[in-house]
Each structure stands twice: as structure tokens, then as C-alpha cells.
Colleague: 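One structure, as C-alpha cells, below. Some questions next.
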There are 2 protein chains.
Amino acid sequence: MAKQGKAPTINDVARVAGVSKKTVSRVINRSPLIKQDTREKIESVIAELGYVPNPQARALALRRNFLIGLLHDNPNAQTVLNFQEGVLDAIRDTEFALVVRPVDRHSPEMLDDIRNFLEQQRLYGVLLLPPISENDELAALCEEVGCAYVRMGSAALDDDHHMVASNDREMVESAVDYLVGQGHTRIAIIQGPEGFRSAKERREGFLGAMKRHGLEVPKGYMAQGTYRFNSGISAAEELLSQEPRPTAIFSSNDEMAAGAMHAARARAISIPADLSIIGFDDSPIAAHIWPPMTTVGWPIRQMAKAAALKIVDPSNDEAEKAIFPAQLVHRSSVASPAKD
Amino acid sequence: MAKQGKAPTINDVARVAGVSKKTVSRVINRSPLIKQDTREKIESVIAELGYVPNPQARALALRRNFLIGLLHDNPNAQTVLNFQEGVLDAIRDTEFALVVRPVDRHSPEMLDDIRNFLEQQRLYGVLLLPPISENDELAALCEEVGCAYVRMGSAALDDDHHMVASNDREMVESAVDYLVGQGHTRIAIIQGPEGFRSAKERREGFLGAMKRHGLEVPKGYMAQGTYRFNSGISAAEELLSQEPRPTAIFSSNDEMAAGAMHAARARAISIPADLSIIGFDDSPIAAHIWPPMTTVGWPIRQMAKAAALKIVDPSNDEAEKAIFPAQLVHRSSVASPAKD
DNA sequence: TTGTAAGCGTTATCAC
DNA sequence: GTGATAACGCTTACAA
């Protein structure tokens, strides 16, 4: 591990080991057609010299970088960060590095920008976060430029090698079941924004369960949000002005649910006595707000790790999993409705 | 912008322009010793061909990558993400990319790991987030391996080219002034963890202001936290058991302040009527919790942008700034104390 | 002011 | 199985 002066190159290894540099290269790249003897010898020289292949040179020769890109346009900071952590779990102690790249899905040049980015940086692979992960054109683009990709979503968007997903719909159904089990019948929903697959899955899970229970969902019980805190306030104001008032609200994410709690407080509606609320994401705010919020948690970090492994180490056991079950996290924002 | 088949290389540009590739290289690198004529001609050919220099080849020849690293071990997710956004503001539309790398400051191998990372990836520069930004050995290491660095901190840690800082101490002083102005005299503090410069600055700002006002701070009014939500709960429990009880708490960050609010609620202490709270960071939770929290906001994103510019474009005006003033953000968690 | 030749550290081709 | 030799696309001497 003598690292004095300059880092040793493949040439140094070749010279010391008395072989050609191509042979060393073969050892590095685990070529099968190499004699056991030679391999062992070279490996010992590599260890002795503390040689590490130069990623820049490899990138040039291979026309591909050892970088994993994270493309996102996700409104929820915590989701993005959790995802990053998961990716890093996967690439820790490898030669890979994580490059992050937020994009703007409303820009007409988004696809061109991404194409340039992928072509120039020659990423080894990219991870696509919702909602841009739902864009099939984008997936086709990755395919076209020869960049491996994995999409993350709320439902199966692609084949198992190109996707990790949670079972949002099912989970919302059981959240509704739980509310109904507590005695609620007037249940409203704050939906996520148009164009988000997750918003659609969650809405359909909600509607499906309500129908199954024979419960009606009047128009006024379906409010629209943007997945942001403030939109939760206005959506809840709308919902809470309905007559009769809903006794429970399912919100498509926690941030909006937190907004809904503010709106309720502003009207002196107490939670959970007068109004039950269930969110989605299990983000920190759900635990930190008062009262602590019952919500649906999904294993973002494990999903991210699996997604990254699908690219950097597809043979890994953990890379096989494609569907990750979410879970209802019970806290204190749900109670039985007050008797009328 | 005809990008059919292969991307054009410097050779294509040279051939079409009828010059040597070194001349093209000079244009790319803005060498001053080139005739205006030649430059313009080459630039037009570059535009016509849609040529973009290959970063991998540049990295190999220059022995330096066009990657900006973000090294962090920060307990606050939102801080990290805001910082990332700021860096991206700075490198948008450049050839640079952002590589993120969390580290473990408790690991004895941290410095070695970072050295390997910097040497192998040959980063163009790194951004250091608190608390590891406070580590002088780390700064020396960056210097040694020839990697530009900028540290972010709560006080001037280095010269202006290597640092962006906020004026935490001053701001905490004015937060205390504000509390005193509202009539509080029994003011407690939840401190940040040992070893954080920010924790120290904030504590000293607090103590300094209290002294200036001739107010005492009994031992029991100084609780210790870890910058995490749960530590805020236990710290506040300690504080709220004191006799007489403090009428106001300054918390070294918002997360702990949110924890303190939970602790107060659990004891039916109402905020702000019975207890005023001021946090620090202006993170989303401060705005989303109830009641909305008065806190000290610091411009993380602008600081991050300036930090990144110091590395990628030092001549930029925005790169010059080194001290970024924080500001008291007034919301609803502070009121005058109830008359005894 | 511009061009030539020699790298940078790796991998691919194709002989041996 | 292994090794010359030529890429990969750019930059840095050093000349001209």
C-alpha cells in the first residue's frame, strides 16, 4: 500500500509481474481465459503495489463511466434523500459513484437535456424517480442511448429488470378498510396531482375500497392537491366545508395531510376526535407533527438499493426483488367518529 | 445539431475547419493567443457540428474529472437536499456534474476513505458540509491531494476562497433580544451536539445575549440534544421539569424544537401562551408544524451556489460572497409570557 | 499564432 | 492463454 509519489498504473503491475498489460487487464476484468497461476501472481502484485485502476482511463476506453445517475423531479425532498441513501447502500465500497440530476418535467426540452446528459456523461446507468419514471418516452430514450435504467413507481411500469414498485393501491385499500373498521362512513380523499401514476393508484385504491364497502363518495369529498403542504390546506378547507362534513380524510401524501391538519385546527376541528386523517409516505413530518400521523409507509431505501443493484450487480439476490410491500403505520390521527 | 450516428470529435471539428486539433483545443479552453478570425471560424464549425468535448477524454488528459463532490455527514436531511439544489443552481448548463458522498465521521477510516475517493475519482473539487467541514485535517487532506474545496459553516473557518458561512452567533443574539423584548426572562436553551461548531456558535450567541441583558441561565436551563427530533423531546422534558419553569426555549435547530413542542403538548403546556419557542434552520417542519414556528432562517441554497461557484467559476460575482446573513422568521410560536 | 508528436491509462483486435 | 499494437478523445510540451 506504498502510495508514495504517483499512483501505480497498469504498466507498473505488468512490469513487476513480468506480463503484458493486457494480461493484467484481463485479471482486472475477470476474464475466464487466464491461467490460475498467472492470475494469482498478478493479483499478488496488484495487492503489493496497491494498484487501483484509473476510472477515467477506463471510462475513455470503455466509452462508459462508472457513474450511476439519479434523475428526479420529485416534489418531496425526503423521498429523494431516502432514495439517495438507498443507492449509496448499494454502491458503497464499489468503484461506482452517484451523480444526482434534478430535471424539470414541465420543460419542453427535458428529453433533449436528458439525452445530452446521458450521452456526454456516458453514465453506466440511471435511476428514474417518480413522476418522470412514469414517462415511457424517457425509458425508450435510455434504451436508445444504451444507458441501463431502472424505474421506481407505484405500480408495475416495466419488466422486473427495469423497475421497482410498491403496492400503493392495495395499501390504500387497507387504509380505507381500517377507517371503515373504526366506524367511518363519510370518508373524503385529497388526491395527488394529475399525471402522477402514484396519485392514480392511490385514488383507485380509495375508490375501489369505498365501493367494496358500499360507501358513496360524493363529488365534494374528492379534493385535488399538488402533493405540497399548502395544497393540503386548501383541499382540506374545501372538504371541511361540505355538508355533512366528512369524519375522515385519506390524503395521497403526508405533506398534504399535514396541511389538512392545519386547516382543521384553524376551524377548531380536533384530530382525531372530530376528524381522522391518514397520510401516505411515512415521511418525517408524519411522526413529528401533532398528533403523530397514521400513514402508509413504503420502504424507499430498500427499493432504491434494489434498483441500484439491478444496474451495478444484477446477480445479487437483493437485485431480484421488484415489488416492495408498503405498510400501514399506526399512530394517533385516527379514532372512531363521534356519535352524531 | 445533426447528431446522426456518432458524436463528432475534436478531429472532425479540426478537419472541417481546416486547422489542427490543438487549435480547436485552444478555442475550447479559451486560450488568449488565438487570432480572432480562427476562433470565430472554429466556433461556427463547433456550432454547426454540434460538437461537445468528451468529458472522459478531458478527464484522462487533464488528470482531473469534471465532477464536484458533496461530502456530508449531516443529520438534517433537508439541509443536505437544499444544499444539493444550490450546487445544481451553480453547475446547471455546465459540463460539471454533482457527485454525492455521505461519510461517517465516527469511523476511524473516514480520512483514508475520503483520500481514496478523491484520488481515484480525481474530483475537480469538493464541498464540505457541517459538521465534517469543521475538520481541519480534512481540509488539509484536500489541499494535499490537490482537490479544491469549500467549507460551509456557522462561522469563518477558513479564508474567503475556501468557505461560506452564516452569522449564527449574531442571529441567536437577536433571537434572544426578541424574546427579552417580549418580556421573557426565564429563557432556556436546547443545545446541539458536542463537536458541532454550529452548536457552539449558537450556544455562545445565546449565553452572550443573556449576559448582556443581565439575565441568569441556571444549569437546569441548558439541555443537551443531538439535533434530532427525539432528543428535542427529552431535552424539553428536562427543561420543563425545572422550577420555576422557563417561559421560553431557544432550540439549536428546528427538529429539536419540534420535539420540544411535542413534549410541551404532552404536559398540556400550550404554545405560545404558556411557552414560547424559537428554532433554527427554517426547515419545512418549522412551517408545517402547529403552531407555525418562529425560527432563524439561513440561506442554504444561496450559500451552496456560492460555494460551488468558488470552485467552478471563481471569477463570478456570486462566488465572492463568503458571509451570508441569517434572518429571524416570525411565525406563531412566540408570545409574551403569562403574568405570574 | 499555429502545428506536430507524444502522452494520459485503459481496453479491443488480432495475431501467435 | 498471452502479447504487440492500435484505438479512445483530449492536452501538454516543444517546434515552427
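Proteins come first, then strands; the chains are lettered A, B, ... in the order of their sequence lines, and each starts at number 1.
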Colleague: Which of residues 15-27 of chain B sit near DNA chain D, with a heavy atom under 4.0 Å from it?
Modeller: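 Only B:Lys21, B:Lys22, B:Ser25 qualify.
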
Colleague: Are B:Tyr149 and B:Ser133 close enough that a side-chain donor and a side-chain acceptor fall under 3.5 Å?
Modeller: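 Result is no, nothing qualifies.
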
Colleague: D:dG9 P sits how many Å from A:Asn54 CG, rounded?
Modeller: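 That distance rounds to 17 Å.
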
Colleague: Look at the side chain of B:Ile34 and decide which nucleotide, out of C:dT11, C:dT2, D:dG1, has an atom nearest to it.
Modeller: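 Nearest listed nucleotide: C:dT2.
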
Colleague: Measure from CG on A:Leu33 to P on C:dA12 and round the result to the nearest Å.
Modeller: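 Checked: the CG to P distance equals 13 Å.
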
Colleague: Select from A:Arg63 and A:Ala57 the residue whose nearest nucleotide in DNA chain C is closer to the 5' end of that strand.
Modeller: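 The residue whose closest nucleotide sits nearer the 5' end is A:Ala57.
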
Colleague: So does B:Arg58 get a side-chain nitrogen or oxygen closer than 4.0 Å to the phosphate oxygens (OP1/OP2) of D:dT11?
Modeller: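 The answer is yes; a side-chain N or O of B:Arg58 sits under 4.0 Å from OP1 or OP2.
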
Colleague: Can you confirm whether the side chains of B:Arg63 and A:Asn54 place a donor and an acceptor under 3.5 Å from each other?
Modeller: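 Absent: no donor and acceptor within the cut-off.
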
Colleague: Whether the B:Asp313 and B:Ser315 side chains hold a donor-acceptor pair (N or O, under 3.5 Å, no angle test) is what I'd like checked.
Modeller: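 Yes.
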
Colleague: Starting at CG of A:Asn11 and ending at P of D:dT5, how long is that distance when rounded to a whole Å?
Modeller: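 Nearest whole value for this atom pair: 14 Å.
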
Colleague: Check the distance between C:dT1's P and B:Lys35's NZ and give it to me in whole angstrom.
Modeller: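 So the two atoms are 9 Å apart, to the nearest Å.
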
Colleague: Heavy atoms only, 4.0 Å cut-off, all strands: where does B:Leu62 land among base, sugar-phosphate and nothing?
Modeller: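 Sugar-phosphate: the residue B:Leu62, judged by heavy atoms under 4.0 Å, touches backbone atoms but no base.
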
Colleague: What is the separation between atom CG on B:Leu49 and atom P on D:dG9, rounded to the nearest whole Å?
Modeller: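 Rounded to the whole Å, the gap is 14 Å.
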
Colleague: Rounded off to whole Å, could you give me the CD1-to-C1' distance for the B:Ile10 and D:dT11 pair?
Modeller: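 Nearest whole value for this atom pair: 8 Å.
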
Colleague: Quick one: salt bridge (Lys or Arg N to Asp or Glu O under 4.0 Å) partners of A:Glu144, sequence neighbours excluded?
Modeller: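 A:Glu144 satisfies salt bridge (Lys or Arg N to Asp or Glu O under 4.0 Å) with A:Arg115 only.
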
Colleague: Which whole-number value in Å describes the distance from B:Arg122 CZ to D:dT11 P?
Modeller: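 About 16 Å, once rounded to whole Å.
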
Colleague: Cut-off 3.5 Å, side chains only: do A:Gln84 and B:Gln84 have a donor facing an acceptor?
Modeller: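 A donor-acceptor contact under 3.5 Å links the two side chains.
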
Colleague: On the ring face of B:Phe83, is B:Arg301 found with NZ or CZ under 6.0 Å from the centre and within 45° of the axis?
Modeller: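 Checked: cation-pi criterion not met.
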
Colleague: Could you walk me through whether B:Met110 and B:Asp113 pass the side chain to side chain contact (heavy atoms under 4.5 Å, CB included) test, one step at a time?
Modeller: CA-CA 5 Å; B:Met110 183 189 79; B:Asp113 287 348; 5.6 Å; no

Colleague: Using whole Å, what does the distance between atom P of nucleotide D:dG1 and atom CZ of A:Arg30 come to?
Modeller: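 Rounding to the nearest Å, CZ of A:Arg30 and P of D:dG1 are 19 Å apart.
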
Colleague: Classify B:Thr38 by what it touches in the nucleic acid, base, sugar-phosphate, or nothing, heavy-atom distance under 4.0 Å.
Modeller: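 Sugar-phosphate contact only.
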
Colleague: Is the phosphate of D:dT11, meaning OP1 or OP2, less than 4.0 Å from a side-chain N or O of B:Asn29?
Modeller: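 B:Asn29 to D:dT11 OP1/OP2: side-chain N or O found under 4.0 Å.
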
Colleague: Counting any heavy atom closer than 4.0 Å, what does A:Leu60 reach on the DNA or RNA strands: base, sugar-phosphate only, or nothing?
Modeller: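 The answer is base, as A:Leu60 lies within the cut-off (heavy atoms under 4.0 Å) of a base atom.
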
